[in-house]
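Only one structure is covered here, and it is reproduced in the block below.
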Amino acid sequence: LSEINIYQKVHYVKNDFQRRSYMNNNYENLPAVLNANQLAEALGISRAGAYQLLNTGTFPTLRIGKRLLVPKDKLIEWIERNTGGGHVGG
């Protein structure tokens, strides 16, 4: 996936998140910090796509040793910033 394709996927995922967020109390069910597998599941992308996203310079990746993580609040901000700023959820 190219970075452009990932952003297109995030646009699509935002709508899916909005639909599911009402059933799942917004983002409350996500852990405070997501690893690549959790990020992939949350965004509906492949694990490889999650790693690619985590390695882009514009994504809020938290690096701890070799681990690539993303704080939930930073993920939500990133989604909102990259999908026109519409509110996604809690």
- Calculate, to the nearest 0.5 Å, the distance between atoms NZ and CD1 belonging to K74 and I79 respectively.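 The CD1 atom of I79 is 14.0 Å from NZ of K74, to the nearest 0.5 Å.
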
- Heavy-atom pair of closest approach, residues P60 and P71: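 Heavy atoms only, the tightest pair is O-CD, 3.8 Å.
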
- Nearest non-hydrogen partners of A36 and A50, listed with the distance: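 Scanning both residues completely, I find the closest heavy atoms to be O-CB, 3.4 Å.
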
- L30-L39 co-clustered via ILVMFWY side chain contacts under 4.5 Å: yes

- Message: Under the criterion side chain to side chain contact (heavy atoms under 4.5 Å, CB included), I'd like the reasoning laid out for L53 against W78: C-alpha separation, chi angles, the key distance, then a yes or no.
- Response: CA-CA 11 Å; L53 188 57; W78 182 86; 3.7 Å; yes

- Message: Among I76, V70, L75, exactly one meets side-chain contact (heavy atoms from CB on, under 4.5 Å) together with K72. Which residue is that?
- Response: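 Per the side-chain contact (heavy atoms from CB on, under 4.5 Å) rule, the option paired with K72 is I76, out of I76, V70, L75.
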
Please report, to 0.1 Å, the donor-acceptor pairs under 3.5 Å made by any side chain of residues 61-68, with sequence neighbours excluded.
unit_1: T61; atom_1: OG1; unit_2: L54; atom_2: O; d: 2.5

- Message: For E77, is there any backbone N or O sitting under 3.5 Å from a side-chain donor or acceptor partner on E80?
- Response: no

- Task: Please list, chain by chain and in numerical order, all residues satisfying side-chain hydrogen bond (donor to acceptor under 3.5 Å, both in side chains) with N37, sequence neighbours excluded.
- Result: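 For N37, the residues satisfying side-chain hydrogen bond (donor to acceptor under 3.5 Å, both in side chains) (neighbours in sequence not counted) are R47.
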
